[in-house]
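In what follows, a structure is listed as structure tokens, so that the remarks can point back to it.
Below, all heavy atoms of this structure are taken into account, side chains as well, without hydrogens, waters or symmetry copies. Proteins come first, then strands; the chains are lettered A, B, ... in the order of their sequence lines, and each starts at number 1.
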2 protein chains.
Amino acid sequence: MGTSERKQRERDEREQLFLDTAEQMIASDGIIQLQMAKLAKACDYATGTLYQHFTSREDLLVALAARHSAQHLQMFQQIIALPVSSRDKMFAISVAERDFRKHNPTHAKLSQYIFTEAVWENASACRREQVLQCGQPIAALVCGIVQQAIDDGSLVANGCSAMELAIAPWALCQGSHTLEQTSGLLEAFAVPRHDMQQYRHMHMLLNGMGWQPLVDVSDMAQIKTRVAALSVLLNI
Amino acid sequence: MGTSERKQRERDEREQLFLDTAEQMIASDGIIQLQMAKLAKACDYATGTLYQHFTSREDLLVALAARHSAQHLQMFQQIIALPVSSRDKMFAISVAERDFRKHNPTHAKLSQYIFTEAVWENASACRREQVLQCGQPIAALVCGIVQQAIDDGSLVANGCSAMELAIAPWALCQGSHTLEQTSGLLEAFAVPRHDMQQYRHMHMLLNGMGWQPLVDVSDMAQIKTRVAALSVLLNI
DNA sequence: TGCGAATTATGAATCAGATTCAAAAAATGA
DNA sequence: TCATTTTTTGAATCTGATTCATAATTCGCA
């Protein structure tokens, strides 16, 4: 009926309010500082009301991550529509990913944090499901790029499934970000933090996969140009 | 003087006892279940005594991770002494790494957890330092392998420092483990969890770096054989 | 060996903050 | 309008980390 529909909408809006506010609070004070009572008060609701949406603090964090994943997906969807080679699409994924993280430091921290035993296990099963569900179309989409490459002959599968192949760039991307994010790690080892470096590594991997057309990894200028071009296409 | 030396030793032993016990407790009940009071009692000490060693629960976790890093280093040191090509050494790193994680699930979880803002920021500066210090020789060692490869001509640097190049396999390794570890992620996407898959990805990357001698990534049997051979050399 | 000072250990008390739940308020609907 | 159901409230509860006054131990010295 109409009434209950409106009610549901209001409830959803309230949930978004909680999430928006939590996001702001995390952005300004960090994850640890986020307190349930403070958050509720900041939204002009009682603590108990907050718990009607999220079964626990961890549940809230996972919900936040799930929402980010949705934006994430949207960004990736742009990519498949791009008028570029499959290899460039895959590369664009890593460019977009990096940009997304740069503009969403909260997401970067959260995505590291929520998969931690301490958080993951304390979130409700349904929120966890939600995160994984959001990931699914992303994975499908990346797989699609690989499949396209296999189909048009620019990548030889060698008996691997598209997913198995997609894992490689995914892992490299993930690992690069983990290293970069890990406080003090690269600094401690005096690794110059050069944006392009990571892109070069990705091209090395894609070359190693035999993904055509190969890119000359010694030509940083060209890599830079390509990144710039993709950035424009993605308007970032 | 002799007396204070013994005292220091006893103190160190007690610290190890705390860490050993914490490790067991984590192994059997998980990180979240680790409670300071329980741990102290399990070691027959008062809670306050535990706090004389670790400034906080997080500090204890970081200390534990630092200890793991030391074992880690030891394992890697074996590798540089191996009578194999530099490429095989680098590959051996990923084999050893994977084995280490398989046999130390606690380490795997911890190393993900401690670098989380919530933990890292709450550990004492000196513990954090300790973790990074342990990492340093590991990094140096891996760099050494890259440098050796550059020197003997099996790898072309193209103006990159050894460290910059070393980051690539490091990131891939790291990322693979993160993906694998992340509860439910690969399952959710129906990715078959095949040990060798990861090794193939590493060879793709090393090939893409132009690291000689190149490996035929379509020949899984050969990769498998090489892993087996390295496992024997490392006796794992 | 005995004694006071200095150091260390103890664990009950404190504190922070997440979570709950009985009571109050609001919505529903007859 | 009023009884019933649903939702909101926030003070009380609970958990577990951390502290700190007190007790125990060790030390240096006569």
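- In this structure the side chain of A:Leu110 never reaches within 4.5 angstrom of the side chain of A:Asn104, judged on heavy atoms.
- Heavy-atom distances under 4.0 Å link DNA chain D to no residue of residues 10-19 of chain B.
- Overall bending of the helix from C:dT1-D:dA30 to C:dA30-D:dT1, expressed as the angle between end axes built from five pairs apiece, is 0° (10° steps).
- When rounded to the nearest whole Å, the span between OH of A:Tyr45 and P of D:dG10 equals 12 Å.
- Contacts of B:His203 classified as ring pair (Phe, Tyr, Trp, His ring centres under 6.0 Å), with partners at least two apart in sequence or in another chain: B:Phe91.
- A:His53 places its NE2 atom 10 Å from the C1' atom of D:dT7, with the value rounded to the nearest Å.
- Here C:dG17 presents its P atom at 16 Å from CG of A:Leu60, a figure rounded to the nearest Å.
- Atom-to-atom, NZ of A:Lys41 to C1' of C:dG17 comes out at 13 Å; the value is rounded to the nearest Å.
- Atoms CZ and NE2, from A:Phe100 and A:His72 in turn, are 5.5 Å apart once rounded to the nearest 0.5 Å.
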* Asked: Could you run down nucleotides 14-25 of chain D 5' to 3' and tag each one B, S or - for protein heavy-atom contact under 4.0 Å?
  -> --SSBB------
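- Counted within 6.0 Å of CD on B:Glu10, heavy atoms from surrounding residues, nucleotides or ligands total more than 12; the atom is thus considered enclosed.
- Across the protein-nucleic acid pair, A:Gln8 atom CD and D:dT7 atom P stand 10 Å apart, rounded to whole Å.
- As rounded to whole Å, 13 Å separates atom P of C:dA9 from atom CZ of B:Phe54.
- Rounded to a whole Å, the CD atom of B:Gln52 is 5 Å from the P atom of C:dA9.
- Regarding contacts with the backbone of D:dT8, every side-chain N or O of A:Thr49 stays at 4.0 angstrom or more from both OP1 and OP2.
- Distance CG (B:Leu50) to P (C:dT8): 17 Å, rounded to an integer number of Å.
- Among residues at least two apart or in separate chains, side chain to side chain donor-acceptor pair (under 3.5 Å) pairs with a member in residues 20-35 of chain A are A:Asp20-A:Arg67, A:Glu23-A:Arg67, A:Glu23-A:His68.
- A:Glu164 meets the salt bridge (charged side-chain N to carboxylate O under 4.0 Å, His left out) test with no other residue; sequence neighbours excluded.
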